[in-house]
Asker: 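Before I ask anything, here is the structure I am working with.
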Amino acid sequence: MIESELTSRPCDGVQLRFDVVDVDVKDVQLLVESTGFFGPHEVEVAVELVLERLSKGSASGYEFVIAEIPDLAHDNGTSIVGYVCYGQIPCTIGSYDIYWIVVSPQFQRRGLGRWLMAVAEEQILKNGGRQVFIDTSGRLEYASTREFYVSCGYDTVAELNDFYAPNDAKVVFARVFTR
């Protein structure tokens with residue numbers, strides 16, 4: 001990955017941070033809900049990962065890249081407009097999962113998701129990552145998500161039929177890094 005890719009900001013005023021703070025619990029919930037894409041159980045899981053990181057720190061195994069913009073009306077002066085959560089897969093050497101990547105509807109199709117993915121990959125490489133996996137649904141409404149992963153250099157490596165529910169496959173993507 002070229003360093004200039006990571007420093008060029010796709011959206012004016014968007015800043016990145018790598019730490020999680022208390023207000024992120026509610027902000028992540030609101031962000032994930034705002035997409036209209038995820039069900040209540042999925043929102044709970046997204047929030048659960050933030051809580052786990054807050055309570056256990058890096059021992060949680062969850063790392064975050066958070067994109068935010070200034071917002072004086074907000075509790076901490078900023079609003080989250082996107083984030084990616086990733087971590088090393090337990091019992092592996094250099095294999096990572098992207099657990100979540102979410103971008104606010106107002107910031108979609110502006111390069112923010114691709115930027116978040118690139119920054120997460122750069123962090124993964126710095127930590128000795130060799131490969132990254134991403135799971136998503138095979139349902140029709142996830143077609144654009146699957147296309148996004150392919151456009152970011154990921155290949156479909158598995159499809160597990162009826163995994164999430166009848167007629168809802170789990171599609172696994174992977175990207176192997178060459179040094």
Side-chain angles (χ1 to χ4, degrees), residues 9-54 60 62-87 96-121 132-154 156 158-173 175:
R9 302 198 187 307
C11 305
D12 288 339
V14 174
Q15 298 294 319
L16 297 180
R17 65 178 161 88
F18 300 90
D19 60 324
V20 176
V21 295
D22 289 338
V23 72
D24 292 338
V25 174
K26 185 66 172 170
D27 289 350
V28 163
Q29 176 186 348
L30 293 172
L31 174 65
V32 174
E33 289 172 343
S34 77
T35 67
F37 204 69
F38 302 103
H41 178 69
E42 293 167 306
V43 174
E44 287 177 29
V45 171
V47 169
E48 189 178 300
L49 299 187
V50 176
L51 289 168
E52 186 81 5
R53 176 62 192 208
L54 282 170
S60 69
Y62 301 116
E63 303 294 335
F64 286 81
V65 180
I66 297 173
E68 59 187 8
I69 59 170
D71 181 355
L72 299 179
H74 196 272
D75 292 346
N76 68 346
T78 61
S79 288
I80 294 177
V81 295
Y83 80 99
V84 61
C85 175
Y86 65 93
Y96 281 73
D97 264 333
I98 300 282
Y99 298 111
W100 283 90
I101 181 163
V102 181
V103 173
S104 167
Q106 301 94 309
F107 284 81
Q108 291 176 2
R109 306 217 181 284
R110 295 172 59 186
L112 183 57
R114 189 172 307 281
W115 187 39
L116 285 167
M117 189 72 84
V119 173
E121 290 170 349
V132 178
F133 296 90
I134 306 171
D135 304 343
T136 194
S137 171
R139 292 192 332 245
L140 183 59
E141 38 295 26
Y142 283 80
S144 64
T145 301
R146 294 188 300 272
E147 290 169 10
F148 170 74
Y149 296 146
V150 169
S151 75
C152 288
Y154 288 77
T156 304
E159 187 167 332
L160 308 174
N161 294 327
D162 301 321
F163 182 87
Y164 295 112
N167 299 313
D168 187 2
K170 175 180 182 174
V171 182
V172 181
F173 290 85
R175 181 166 182 196

Asker: Is T136 close to R146 at the side-chain level, that is, under 4.5 Å between some pair of heavy atoms?
Answerer: yes
Asker: As a quick check of understanding, evaluate side chain to side chain contact (heavy atoms under 4.5 Å, CB included) for V103 and V81, giving each step before the final call.
Answerer: CA-CA 6 Å; V103 173; V81 295; over 6 Å; no
Asker: How close do T35 and P105 get, counting heavy atoms only, and between which atoms?
Answerer: CA-CG, 3.9 Å
Asker: Do I134 and V172 make a side-chain contact, defined as non-hydrogen atoms from C-beta onward lying under 4.5 Å apart?
Answerer: no
Asker: Please check this pair: side chain of D162 against backbone of N167, looking for a donor-acceptor N/O pair closer than 3.5 Å.
Answerer: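 Checked: pair present.
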Asker: Is there a side chain to side chain contact (heavy atoms under 4.5 Å, CB included) between V20 and Y62? Walk through the geometry before answering.
Answerer: CA-CA 10 Å; V20 176; Y62 301 116; over 6 Å; no
Asker: Should L116 and L16 count as side-chain neighbours, where that means a heavy-atom distance under 4.5 Å?
Answerer: yes
Asker: Are the side chains of V32 and E42 in contact, using a 4.5 Å heavy-atom criterion?
Answerer: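 They are not in contact (no side-chain heavy atoms under 4.5 Å apart), so the answer is no.
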Asker: Would you indicate whether the side-chain heavy atoms of E68 and Y83 approach each other to under 4.5 Å?
Answerer: no
Asker: Quick check for you: to the nearest 0.5 Å, what is the distance between H41 atom NE2 and E44 atom CD?
Answerer: 7.0 Å
Asker: Starting at CD1 of I66, measure out to CD1 of I80 and round the result to the nearest 0.5 Å.
Answerer: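 I66 atom CD1 to I80 atom CD1 measures 4.5 Å (nearest 0.5 Å).
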Asker: Can you measure from CG (D22) to CG (L51) and round to the nearest 0.5 angstrom?
Answerer: 9.0 Å
Asker: Test ring pair (Phe, Tyr, Trp, His ring centres under 6.0 Å) on F173 and F133; report intermediate values, then the result.
Answerer: CA-CA 6 Å; F173 290 85; F133 296 90; over 10 Å; no
Asker: Indicate, with yes or no, if the rings of W100 and F64 have centres closer together than 6.0 Å.
Answerer: no
Asker: Quick check: does any side chain N or O of R114 sit under 3.5 Å from a backbone N or O of R109, one acting as donor and the other as acceptor?
Answerer: no
Asker: Ring centres of F37 and Y142 under 6.0 Å apart?
Answerer: yes
Asker: Before giving the answer on side chain to side chain contact (heavy atoms under 4.5 Å, CB included), spell out for I101 and F148 the whole-Å C-alpha distance, their side-chain angles and the decisive distance to 0.1 Å.
Answerer: CA-CA 11 Å; I101 181 163; F148 170 74; 4.2 Å; yes
Asker: Does any non-hydrogen side-chain atom of V45 lie less than 4.5 Å from one of F38?
Answerer: no
Asker: For the side chain of R175 and the backbone of V132, is there at least one donor-acceptor N/O pair under 3.5 Å apart?
Answerer: no
Asker: If you look at every heavy atom in E121 and C152, which pair is closest and at what distance?
Answerer: OE2-O, 4.4 Å
Asker: Students often mix this up, so state it plainly: with edges at 30° and 60°, are the rings of Y96 and Y86 parallel, tilted or perpendicular?
Answerer: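 Aromatic pair Y96/Y86 classed tilted.
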Asker: Between atom OH of Y164 and atom NZ of K170, what is the distance when rounded to the nearest 0.5 Å?
Answerer: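 So the gap between those two atoms works out to 5.0 Å.
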Asker: Please report the closest heavy-atom contact between V84 and A120, naming both atoms and the distance.
Answerer: CG1-CB, 3.8 Å
Asker: Side-chain contact test, heavy atoms from C-beta onward, threshold under 4.5 Å: evaluate it for V171 versus S137 and give yes or no.
Answerer: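 A side-chain contact is absent here, since even the closest heavy-atom pair is not under 4.5 Å.
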Asker: Which distance, rounded to the nearest 0.5 Å, do you find between the CD1 of I98 and the CG of D135?
Answerer: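 Reported to 0.5 Å precision, the distance equals 11.0 Å.
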Asker: Do the side chains of Q15 and I69 get nearer than 4.5 Å, heavy atoms only?
Answerer: no
Asker: When rounded to the nearest 0.5 angstrom, what is the spacing between CD in Q108 and OG in S144?
Answerer: 8.0 Å
Asker: Can you name the nearest heavy-atom pair linking L112 to A67, along with the distance?
Answerer: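 So the two residues come closest at CD1-CB, 3.9 Å.
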Asker: Tell me if a side-chain donor or acceptor on R139 pairs with a main-chain N or O of A169 at a distance below 3.5 Å.
Answerer: no
Asker: Just do the salt bridge (Lys or Arg N to Asp or Glu O under 4.0 Å) check on D19 and R53 with the steps written out, would you?
Answerer: CA-CA 9 Å; D19 60 324; R53 176 62 192 208; over 6 Å; no
